[in-house]
Trainee: 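Have a look at this one.
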There are 2 protein chains.
Amino acid sequence: MSRRGYGQICGLSRALEIVGERWALLIIRDLLSGPKRFTDLRQGLPRIPTNVLSARLKELEETAVLQRRILPRPATAVVYELTDYGRELDDVLLALGRWGAQSMGDPEVDEVYTRESLMMAMRGSYQGNDGAQAPRDPRSYELRVTGIVISVTVQDGQLGVTEGPQLDPDLVIETGNGLPALLLGQVSPSQAIESGSVRVTGNPELLDEFASTFRV
Amino acid sequence: MSRRGYGQICGLSRALEIVGERWALLIIRDLLSGPKRFTDLRQGLPRIPTNVLSARLKELEETAVLQRRILPRPATAVVYELTDYGRELDDVLLALGRWGAQSMGDPEVDEVYTRESLMMAMRGSYQGNDGAQAPRDPRSYELRVTGIVISVTVQDGQLGVTEGPQLDPDLVIETGNGLPALLLGQVSPSQAIESGSVRVTGNPELLDEFASTFRV
DNA sequence: CTGGATCCCTCACGATACTG
DNA sequence: CAGTATCGTGAGGGATCCAG
């Protein structure tokens, strides 16, 4: 690969030669929610230099993790989308995200939330139906974090996470950077509301349900 | 971390800041089988510069992925061992190894097998009890690849992988670099024996069982 | 002999400017 | 919008050296 390989005949070494370069896994994370354009990726990864983004996209295309596709119709646009092989990394990324979330400290002042990182956080922290108390189903939440809005629904035990506002949600959850502490169980839902780090619109008791449904 | 972070409040970003640096995950892989000394790690990672190994060990200790421990008794020795937190990466590494194994091409001439990469390959490719045909249980194999010898046992559905030879194994499997193709199902066990890429000592039919028990 | 530290060189990455 | 071009910096590669 770009830098000299690891010299081992080993699946893990091979994986790292493909997706171990800086930024690669974050690009893949952002593509998990669907095809994106160069500029979309740039926005989702505010600190990536454009030449590095170019280089990664080229390498990941060569290794069949993603494809470059040209939209033919009205506005001719280039999009990048994961191949089936690339999409197989979904579970690995969710697990790695859960692992890293456990050692998240207080956010630095220059760190930001992005839509894709929030969507991944919700998908990765979803407890399925094996949680202690079964949540009422269906349920829909709208999550607003520092201007980013995503929708989270649970229906028949199936989780759905999409960008944008939710139509008539059961609960609207608005927060600055109090979300990690809530998902990690470092503060209780009631504490979060009392301290003002989380504000809700709707029945506040639903935040308990939310916190037990989504928990790292 | 060492290089400037990714600037995102995100579990995956955090994980990559901790273990995303070059060589880090391979060091962790080698420590999954137990504590190791500096020199052991060097041998398992033939291409790693010693200063990089030093730096990674220091960083991974600061992030609580591993601990440095000094063996007090007879020979005063320094060993590095994973913390519980570090060991939580086991499943992630197995999954990533399976993913990468799918795009392993023919080995380059300067690429080598190592004991830890072999042990991980066997653990990652173990199909448990959900394989089509239930293998006879217990079963023990001795695997010899380019001078490296490991033992693989299956008992009560539990997999055991240890270094060194096996006492009275059901089957001894000896191979050069024909192993990946066998585990990936690119060649059948009988083809592998006929072509000479795999040699067995014991009942050759047991290689079919082996190949269905261990399959990426 | 283990467990590193030090030096030098190269190239990947980071930042920014620029172009079809 | 979708990149390419340029250039400075620092992490990684490789060899050597040193203390306990």
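Note on naming: letters A, B, ... go to the chains in the order of the sequence lines (proteins, then strands), and numbering restarts at 1 for each one.
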Trainee: Does the side chain of A:W23 get closer than 4.0 angstrom to OP1 or OP2 of C:dA12 through an N or O atom?
Mentor: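 False: A:W23 side-chain N/O out of range (4.0 Å or more) of C:dA12 OP1/OP2.
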
Trainee: Please state whether the phosphate of D:dT4, meaning OP1 or OP2, lies under 4.0 angstrom from any side-chain nitrogen or oxygen of A:K58.
Mentor: yes

Trainee: For D:dC1 and A:R42 - does any side-chain N or O of the residue sit under 4.0 Å from the phosphate oxygens OP1/OP2?
Mentor: no

Trainee: Any cation-pi pair here, A:R22 with B:Y6, using under 6.0 Å and within 45°?
Mentor: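 Yes, A:R22 lies over the aromatic ring of B:Y6.
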
Trainee: Of the listed nucleotides (C:dG4, C:dT2, C:dC13), which one gets closest to any side-chain atom of B:R37?
Mentor: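 So the side chain of B:R37 is nearest to C:dT2.
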
Trainee: Look at the side chain of A:T50 and the base of C:dA15, then say whether one donor and one acceptor between them are separated by less than 3.5 Å.
Mentor: no

Trainee: Calculate the interatomic distance between A:K36 atom NZ and D:dC1 atom P; express it in whole Å.
Mentor: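 Those two atoms, NZ and P, are 16 Å apart.
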
Trainee: Rounded to the nearest Å, what distance is computed from the CG atom of residue A:L45 to the P atom of nucleotide C:dC13?
Mentor: 14 Å

Trainee: Do the rings of B:Y85 and A:W99 sit parallel, tilted or perpendicular, given the 30° and 60° boundaries?
Mentor: parallel

Trainee: On a plain distance test, is the side chain of B:N51 in donor-acceptor contact with the base of D:dG12 below 3.5 Å?
Mentor: no

Trainee: So what's the dot-bracket for DNA chain C: Watson-Crick or G-U pairs under 3.5 Å, [ ] if a pair crosses, | if it pairs off-strand?
Mentor: |||||||||||||||||||.

Trainee: What is the nucleic acid contact for B:S54, judged by heavy atoms within less than 4.0 Å: base, sugar-phosphate only, or nothing?
Mentor: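 Contact class for B:S54: sugar-phosphate only.
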
Trainee: Please tell me if A:Y6 has a side-chain N or O lying less than 4.0 Å from either OP1 or OP2 of D:dG12.
Mentor: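 Checking A:Y6 against D:dG12: no side-chain N or O falls below 4.0 Å of OP1 or OP2.
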
Trainee: Which pair of heavy atoms, one from B:S103 and one from A:R14, lies closest together, and at what distance?
Mentor: O-NE, 2.9 Å

Trainee: Does A:R68 count as lying over the ring of A:F38, i.e. NZ or CZ under 6.0 Å from the six-ring centre, within 45 degrees of the axis?
Mentor: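 Judged by the rule, A:R68 and A:F38 form no cation-pi pair.
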
Trainee: Taking CD from B:Q43 and P from C:dG3, how many angstroms apart are they, rounded to a whole number?
Mentor: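 For the pair B:Q43 CD and C:dG3 P, the rounded distance is 11 Å.
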
Trainee: For B:L53 and C:dT6, give me the distance from atom CG to atom P, rounded to whole Å.
Mentor: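 After rounding, the reported distance stands at 16 Å.
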
Trainee: Does a salt bridge link A:D84 with A:R87, judged by any charged N lying under 4.0 Å from a carboxylate O?
Mentor: yes

